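The structure presented is a predicted model; accordingly, all values stated were derived computationally and were not measured.
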Protein chains: 2
Amino acid sequence: MGKLTEPLGDIGDDECGLPRALEAMGERWSFMILRAAFNGLKHFEEMQSNLGIARNILANRLGRLVESEILERQPCPDDRRKIEYKLTEKGESLLPTMIALRQWGEKWGTGVPSNPVLCDERDRQPVQTIRVHAHDGRPLDWHDLLWVDQSDVVAEAAE
Amino acid sequence: MGKLTEPLGDIGDDECGLPRALEAMGERWSFMILRAAFNGLKHFEEMQSNLGIARNILANRLGRLVESEILERQPCPDDRRKIEYKLTEKGESLLPTMIALRQWGEKWGTGVPSNPVLCDERDRQPVQTIRVHAHDGRPLDWHDLLWVDQSDVVAEAAE
DNA sequence: CAACTAGGTAGTGATTCGCAACTTAAAAGC
DNA sequence: GCTTTTAAGTTGCGAATCACTACCTAGTTG
C-alpha cells in the first residue's frame, strides 16, 4: 500500500542521499581540494601553495576526505617524507557533480567564456553540459520529474 | 600562441567556475535549502520546520540565495505576512548538480537502496545516473578529459 | 653533520553556527 | 474592535570552526 507517487513535496529526509553527501563534501574547501586532486595535485605542499589554504585546515580536510574514502593516503616509497593523496573510485565518481557545479559557475558568473575548455581527449570537442536524462536519453527538466515508490518502478520495468 | 593543451595539471584558478559556484552554494545548508525549494517548499516556516535549521541561519542563507539570484523573494498577494521563495532560472539550473550529488550520496552511503526513486514523469522510469558525456554522447570518465584552449576548439569545430 | 624539505601540530584571535528569546506586522477568532 | 495566532524575521550569547603564524619531527641533501 505504498503511496504511488508524491508531488515532489516532502520526501523522507533520511532516504535522500544529499545529507550523506554533504557530510563528506559539505565543508569549506572540500570541493576545491577535490578539484586539486582531479587536476593531478597529489601532495600536501602542492595543494597548500596552489589553494592558499591554511595548513591546519588542509590537514583536517585531507584527513576527513581520507576517512570518507574519497582520497587514499599512501606514503611514497622513493621519498619517505612524501605522502601521496590519490582519488579512490568513490572520489572519482564525484567527477560529474564537480563538473556540473563548475559548469554552473561558469554559465552564471561574469560573462567571461572561461578559457581552458574541458574536452574529450578523443576528438577534442567540449564535453556536453551536464543534465538530467531520462532512461531513454531524453534530457529532463525539474518539472518532468516525479518521485516513485521503488516497488512500483520494478513492476513497471517488468512490463 | 596559446598552449594547446594542459595535462590536467594546474589550470588558471580564476578561469574555473568552481570558486564562483562555491561562493553562492558553498555554505552549510545552502544545498539543503535548495533541495527544499526543488521539493516545493516556498515559505520560511515550512523550510524551518522541515530542515530543522536555526531561524537566523535560515534567514541569512535565504538572503544570500536571493542575493545570488538563485531564489526570488516575493510577498504573497493574498496573505501579506507570507513571503514566497521560488527558484529562478539560475536556481533551477542547479538541478543537475544537486541530483548528481544526491546520487553520489545514495550510491556510496549505507547500502540502502533509497526508496522513493526519482523518475521521469512520462514513463515513470528512473532517471539515468548523471555522467559526463562527450559531444557525441559517449559517456566519459576522468581519464578521458583534457583541457583545450578555446581558440583551438573553435578551429576544430569549424572543420 | 648542517641545512633543507615534506607534512604536519599548537596557539591565538576573528568568524560563523546554533539555540532561545524577542519583535513586528498582518491575519483570524470572537 | 480587541485579543490571539501566525509568518518572518532579529538579537544576544556561548560553542564550534576558520585562518594566520610559528613551531615540530622525520627524512633527505650537500
Side-chain angles (χ1 to χ4, degrees), chain A residues 9-10 13 18-19 22-37 39-68 70-87 91, chain B residues 9-10 13 18-19 22-37 39-68 70-87 91:
Chain A
D10 44 28
D13 278 12
L18 198 58
L22 291 172
E23 217 168 293
M25 292 298 303
E27 287 160 309
R28 213 162 305 200
W29 291 109
S30 297
F31 266 103
M32 291 298 287
I33 291 171
L34 190 76
R35 181 187 68 140
N39 282 351
L41 304 190
K42 292 174 171 22
H43 301 289
F44 189 96
E45 307 286 341
E46 245 175 347
M47 294 196 179
Q48 200 279 323
S49 67
N50 183 287
L51 297 177
I53 182 178
R55 302 178 69 82
N56 56 347
I57 305 294
L58 178 57
N60 178 292
R61 289 304 176 281
L62 286 173
R64 196 175 271 272
L65 290 172
V66 168
E67 209 180 332
S68 306
I70 290 167
L71 295 180
E72 214 169 2
R73 184 181 186 283
Q74 44 184 251
C76 282
D78 57 314
D79 183 343
R80 304 222 322 273
R81 286 172 305 179
K82 287 191 181 176
I83 292 206
E84 211 179 281
Y85 290 97
K86 55 176 304 209
L87 288 159
Chain B
D10 44 30
D13 278 11
L18 198 58
L22 291 172
E23 216 168 295
M25 292 298 302
E27 286 161 308
R28 212 163 307 201
W29 291 109
S30 297
F31 267 103
M32 291 299 287
I33 292 170
L34 190 75
R35 179 187 70 139
N39 282 351
L41 305 191
K42 291 173 172 21
H43 302 290
F44 189 95
E45 306 286 341
E46 246 175 344
M47 293 196 181
Q48 200 279 320
S49 67
N50 183 285
L51 297 177
I53 180 178
R55 302 179 69 80
N56 55 349
I57 306 292
L58 178 57
N60 178 292
R61 287 306 176 281
L62 286 173
R64 195 175 273 273
L65 290 172
V66 168
E67 211 179 332
S68 306
I70 289 167
L71 296 180
E72 213 168 3
R73 184 181 186 283
Q74 44 186 249
C76 282
D78 57 313
D79 183 343
R80 304 224 319 275
R81 286 172 306 180
K82 287 192 181 174
I83 292 206
E84 210 178 281
Y85 290 96
K86 54 176 303 210
L87 288 159

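Spacing between atom CD1 of B:Ile57 and atom P of C:dC19 amounts to 9 Å, rounded to whole angstrom units. For the pair B:Asn56 CG and C:dT15 C1', the interatomic distance rounds to 14 Å; values are reported in whole Å. Here D:dT6 presents its P atom at 15 Å from CD of B:Gln48, a figure rounded to the nearest Å. Rounded to whole angstrom, the span from the CZ atom of A:Arg55 across to the P atom of D:dT21 amounts to 12 Å. Atom-to-atom, CD of A:Glu84 to C1' of C:dA6 comes out at 14 Å; the value is rounded to the nearest Å. Whole-Å rounding puts the B:Arg80 CZ to C:dA25 P distance at 12 Å. In this structure, A:Ile53 places its CD1 atom 14 Å from C1' of C:dG7, rounding to the nearest Å. For B:Asp78 and D:dA7, the CG to P distance is 12 Å, given to the nearest whole Å.
Taken to the nearest 0.5 Å, the CD atom of A:Glu67 stands 9.5 Å off from the CG atom of A:Asn60. With rounding to the nearest 0.5 angstrom, the CD1 atom of B:Ile53 is 10.0 Å from the CE atom of B:Met47. Note that the CD1 atom of A:Ile33 and the CD1 atom of A:Ile70 stand 10.5 Å from one another [nearest 0.5 Å]. Between the NZ atom in A:Lys42 and the OH atom in A:Tyr85 there is a gap of 13.5 Å [rounded to 0.5 Å]. From B:Leu41, atom CG reaches atom CD of B:Glu84 across 11.5 Å, with rounding to the nearest 0.5 Å.
Within the structure, every side-chain polar atom (N or O) of B:Trp29 is placed at least 4.0 Å from both OP1 and OP2 of C:dC17. Put simply, B:Arg81 has no side-chain N or O that comes within less than 4.0 Å of OP1 or OP2 on C:dA27. At the phosphate of C:dA6, neither OP1 nor OP2 sits under 4.0 Å from any side-chain N or O atom of A:Tyr85.
Between B:Lys82 and A:Arg61, the residue anchored closer to the 5' end of DNA chain D is B:Lys82, taking for each the nucleotide with the nearest heavy atom. Each of B:Gly52 and B:Arg64 has a nearest nucleotide on DNA chain C; the 5'-most of these lies closest to B:Arg64. Each of A:Lys42 and A:Arg28 has a nearest nucleotide on DNA chain C; the 5'-most of these lies closest to A:Lys42.
Within the 4.0 angstrom heavy-atom criterion, only backbone atoms of the sugar-phosphate kind lie near A:Asp79; the bases stay farther away.
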